[in-house]
Trainee: 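I'd like to ask you about the structure that follows.
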Amino acid sequence: MALLGNMLKSGIRLTNVVRLRTASPFRQQRKTFRKLVRKAQFTKFGEAYRFEELLRSAEFGPAREFYEKYKQQVPIHDYNRMFDGWWHRTLANEKNVTWPGKVKYFALSSGTSEASTKYIPVTRAMTKAIKRTGVRQILTLGRYQNLPPTLYEKGCLMLGGSTQLNRREGHFEGDLSGITAGKIPIWFERFYKPGRNIAQERDWALKLDEITEQAGKWDIGYVVGVPAWIQLLMEKIIARYNVKTIHDVWPNLMVFCHGGVSFEPYKAGFSKLLAHPITYIETYLASEGFIAYQTHPDARGMQLVLNNGLFFEFIPFNEQNFSPDGELVEKPKTLMIDEVEEGKEYALLISTCSGAWRYLIGDTIRFIDPKRAEIVITGRTKHFLSLCGEHLSVDNMNKAIETVADALGISVREFTVAGVTHDTLFAHQWYIGTDDAVDANEFRNQLDAKLKVLNDDYAVERKHALKDISVTVLPTKTFYDWMASKGKMGGQHKFPRVLKKDMVKEWETFLGK
């Protein structure tokens, strides 16, 4: 009898039942803001931007006064401005720069539009906040009635970056998943896979091989990771044990907790690896913090974490606030959580307990339920195509690719698109990664038709300046080989959905064009 499992599930259900009614999103965010500026008021950053004054406004002033002052006193920072102005001092072991004390850990993030590698501070306060949010997400499992008590005694495979971090000049640096996995609590070790030894492996291919060899000995109930790498691992395990599905090796696998990219393009491929459906739970864990997660089975999106070390602002993602290339204008309009509207797209600003302040994270989101603060990720501020006003978002791309793949009965593992010239006008060049047989022209025609339905601007421009789209079908391995050549295999790395100008020539050279 699964005594421990029954106890855990009963405890989770009880926690959900007795959980107090939460404060309004605005009150939660005001309280979070107050905690952040109180903690950072005596840092170099806090003194430069008069955090003591902001704290008084948050504690004693009228309801919105603190935010109006915050907008006036503290400028918006992208990575370059934050690093060049402040974080380079933190990286050099100076203490009390943007957060109290010295920062011991830095998450390395692949720079897609600014620095080639970003160094994101990960403070002790942030690692604690990430753990708290992780526990909260586990507690939501009690709302999934299809999950039996036995699940809570099964192993949890977390596929992330190496926990063997690089030590450099008084600090450690590596993938955020490696930093957090290296700090798992002792009580969780009996459930945690692949275990500390394999988790330290830096060679991604070798790590997958080692996990594959041990997979038959484990009873896995949950898997956590980026969809592309989890799918690749499952395929290796199925091939190694000469079975039909992953459930022939892990019969109790019931939950996949995913993040990093939209899961939509991967659904068809995953279904082929399973003997029966499993529960998918989406998370939004960035190098800058644990931003949101799916809180109930019927959720259409993820709920922002409003009361755990993150203060959010939202910039309407439109031509008034961003240039055609995705550059922020000098004085954009910014909003708090109580000012956003359903269905509108926003660029995300965050202030965090790692010492990021009014930081443009680079992601764009859309609210599907403002009262519950539920969002979906729609793309990146600079990862969209608008050569001539087509305003094609990553969200449009994901939906179109999923629809076409379903219609053609294939699995599209990876894809990317580049904007190119077409005589004196423009065109889109798509690269589709699939191991299934497909006619490129048929894919192209269906993709073009679906994008016209999803995006009115795209439909208009296809009649005018956007003269053509073309599709090149490639083996999935081509995408992974390119990532390997860049040292970006595994962890939180993913292939860019939009190839910017400086990457197009590099990609074409790799393909031998």
Side-chain angles (χ1 to χ4, degrees), residues 2 4-5 8-9 12 127 130-131 133-135 137-138 141 144 147-165 174-241 243 245-260 266 270 273-276 278-283 285 290 293 489-493:
L4 176 60
L8 286 172
K9 185 158 189 177
I12 288 171
T127 57
I130 290 173
K131 286 181 183 178
T133 300
V135 169
Q137 185 173 31
I138 290 173
L141 292 177
Y144 293 77
L147 300 179
T150 52
L151 172 66
Y152 302 95
E153 294 187 331
K154 305 305 178 183
C156 177
L157 173 64
M158 301 172 65
L159 186 61
S162 173
T163 58
Q164 187 175 350
L165 307 174
D175 194 290
L176 178 67
S177 60
I179 294 173
T180 54
K183 295 179 173 294
I184 62 171
I186 295 177
W187 66 266
F188 187 62
E189 288 192 9
R190 63 170 292 189
F191 305 103
Y192 169 63
K193 303 298 178 187
R196 292 191 179 274
N197 289 338
I198 297 179
Q200 291 179 352
E201 179 58 60
R202 291 178 175 174
D203 186 310
W204 185 251
L206 183 57
K207 175 182 283 189
L208 293 184
D209 287 343
E210 291 176 347
I211 292 174
T212 299
E213 289 304 311
Q214 296 297 318
K217 303 175 184 178
W218 299 336
D219 187 6
I220 299 296
Y222 316 73
V223 290
V224 180
V226 174
W229 308 132
I230 293 294
Q231 185 171 351
L232 185 64
L233 174 64
M234 286 183 176
E235 289 171 344
K236 286 178 66 68
I237 293 171
I238 290 170
R240 163 64 178 82
Y241 293 94
V243 295
T245 74
I246 194 65
H247 282 117
D248 294 317
V249 181
W250 295 334
N252 294 306
L253 176 62
M254 300 177 195
V255 177
F256 174 32
C257 188
H258 62 86
Y266 297 93
F270 260 79
L273 305 179
L274 307 173
H276 54 76
I278 62 175
T279 296
Y280 298 107
I281 301 177
E282 188 174 9
T283 64
L285 176 59
F290 202 151
Y293 60 92
M489 282 290 284
Q492 293 172 283
H493 297 300

Trainee: Checking Tyr222 now: which residues fulfil side chain to side chain donor-acceptor pair (under 3.5 Å) with it, not counting sequence neighbours?
Mentor: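 Scan of Tyr222 (side chain to side chain donor-acceptor pair (under 3.5 Å), adjacent residues dropped) gives none.
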Trainee: At their closest point, which heavy atom of His276 faces which heavy atom of His247, and how far apart are they?
Mentor: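 Smallest interatomic distance, heavy atoms only, reads CE1-NE2, 3.2 Å.
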Trainee: Any idea which heavy atoms bring Pro148 and Met254 closest together, and the distance?
Mentor: CD-SD, 3.5 Å
Trainee: My understanding is that only residues two or more places apart in sequence, or in another chain, count here; which of them pass salt bridge (Lys or Arg N to Asp or Glu O under 4.0 Å) with Glu235?
Mentor: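 By the salt bridge (Lys or Arg N to Asp or Glu O under 4.0 Å) rule, Glu235 matches Arg413.
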Trainee: If every non-hydrogen atom of Pro227 is compared with every non-hydrogen atom of Gly259, which pair is closest and at what distance?
Mentor: CD-O, 3.4 Å
Trainee: Please list, chain by chain and in numerical order, all residues satisfying side chain to side chain contact (heavy atoms under 4.5 Å, CB included) with Ile238, sequence neighbours excluded.
Mentor: Val243, Ile246, Leu273
Trainee: Between SG of Cys156 and NZ of Lys193, what distance do you get to the nearest 0.5 Å?
Mentor: 11.0 Å
Trainee: Do you know which two heavy atoms are closest between Leu165 and Gly178, and how far apart they sit?
Mentor: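 Answer, listing the atom of Leu165 first, then Gly178: CD2-C, 4.3 Å.
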Trainee: Within the distance-only criterion (no hydrogens, no angle test), does the side chain of Lys207 pair as donor or acceptor with the backbone N or O of Gly160 below 3.5 angstrom?
Mentor: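 Yes: the side chain of Lys207 pairs with the backbone of Gly160.
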Trainee: Using ring pair (Phe, Tyr, Trp, His ring centres under 6.0 Å) as the criterion, list what pairs up with His258, not counting sequence neighbours.
Mentor: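 Listed in chain order: Phe256, Phe263.
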Trainee: Report the residues that fulfil side chain to side chain donor-acceptor pair (under 3.5 Å) with Asp209, sequence neighbours left out, ordered by chain and then residue number.
Mentor: Lys236
Trainee: Scan Leu233, Val224, Leu253 and name whichever one has a side chain to side chain contact (heavy atoms under 4.5 Å, CB included) with Leu157.
Mentor: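 The residue from Leu233, Val224, Leu253 that satisfies side chain to side chain contact (heavy atoms under 4.5 Å, CB included) with Leu157 turns out to be Leu233.
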Trainee: Take Tyr293 and Leu285 through the test side-chain contact (heavy atoms from CB on, under 4.5 Å) and record every step on the way to the result.
Mentor: CA-CA 8 Å; Tyr293 60 92; Leu285 176 59; over 6 Å; no
Trainee: Let me confirm one number: the OG1-CD1 distance from Thr245 to Ile237, rounded to the nearest 0.5 Å.
Mentor: 11.5 Å
Trainee: How about Cys257 and Gln137: do any of their side-chain heavy atoms sit closer than 4.5 Å?
Mentor: yes
Trainee: Looking at residues at least two apart in the chain, or sitting in another chain, which of them share a salt bridge (Lys or Arg N to Asp or Glu O under 4.0 Å) with Arg202?
Mentor: none
Trainee: Hey, are the side chains of Trp250 and Val223 touching, using non-hydrogen atoms and a 4.5 Å cut-off?
Mentor: yes
Trainee: Any side-chain heavy atom of Arg240 sitting closer than 4.5 Å to one from Val249?
Mentor: no
Trainee: Which residues pass the side chain to side chain contact (heavy atoms under 4.5 Å, CB included) test with Gln214, sequence neighbours left out?
Mentor: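 Side chain to side chain contact (heavy atoms under 4.5 Å, CB included) check on Gln214 returns Ile198, Lys217, Trp218.
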Trainee: Mind checking side chain to side chain donor-acceptor pair (under 3.5 Å) for Lys154 and listing every partner two or more places apart, or none if nothing turns up?
Mentor: Asp219
Trainee: Restricting to side chain to side chain contact (heavy atoms under 4.5 Å, CB included), what partner residues turn up for Thr279, sequence neighbours left out?
Mentor: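 Partners of Thr279 by the side chain to side chain contact (heavy atoms under 4.5 Å, CB included) criterion, ordered by chain and then number, come out as Tyr144, Asn146, Leu147, Val255, Ile281.
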Trainee: Side chain to side chain contact (heavy atoms under 4.5 Å, CB included) with Ala205: which residues, sequence neighbours excluded?
Mentor: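 Applying side chain to side chain contact (heavy atoms under 4.5 Å, CB included) to Ala205 gives Asp203.
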Trainee: Ignoring hydrogens, what is the shortest heavy-atom contact between Tyr192 and Ala181? Give both atom names and the distance.
Mentor: OH-CB, 3.9 Å
Trainee: Out of curiosity, Ile230 CD1 to Met158 CE, how far, rounded to the nearest 0.5 Å?
Mentor: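 The CE atom of Met158 is 10.5 Å from CD1 of Ile230, to the nearest 0.5 Å.
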Trainee: Would you indicate whether the side-chain heavy atoms of Leu151 and Asn252 approach each other to under 4.5 Å?
Mentor: no
Trainee: Of the non-hydrogen atoms in Ala199 and Pro194, which two are nearest, and what is the gap between them?
Mentor: N-CG, 4.1 Å
Trainee: According to side chain to side chain donor-acceptor pair (under 3.5 Å), who are the partners of Thr133, at least two apart in sequence or on a separate chain?
Mentor: Asn308
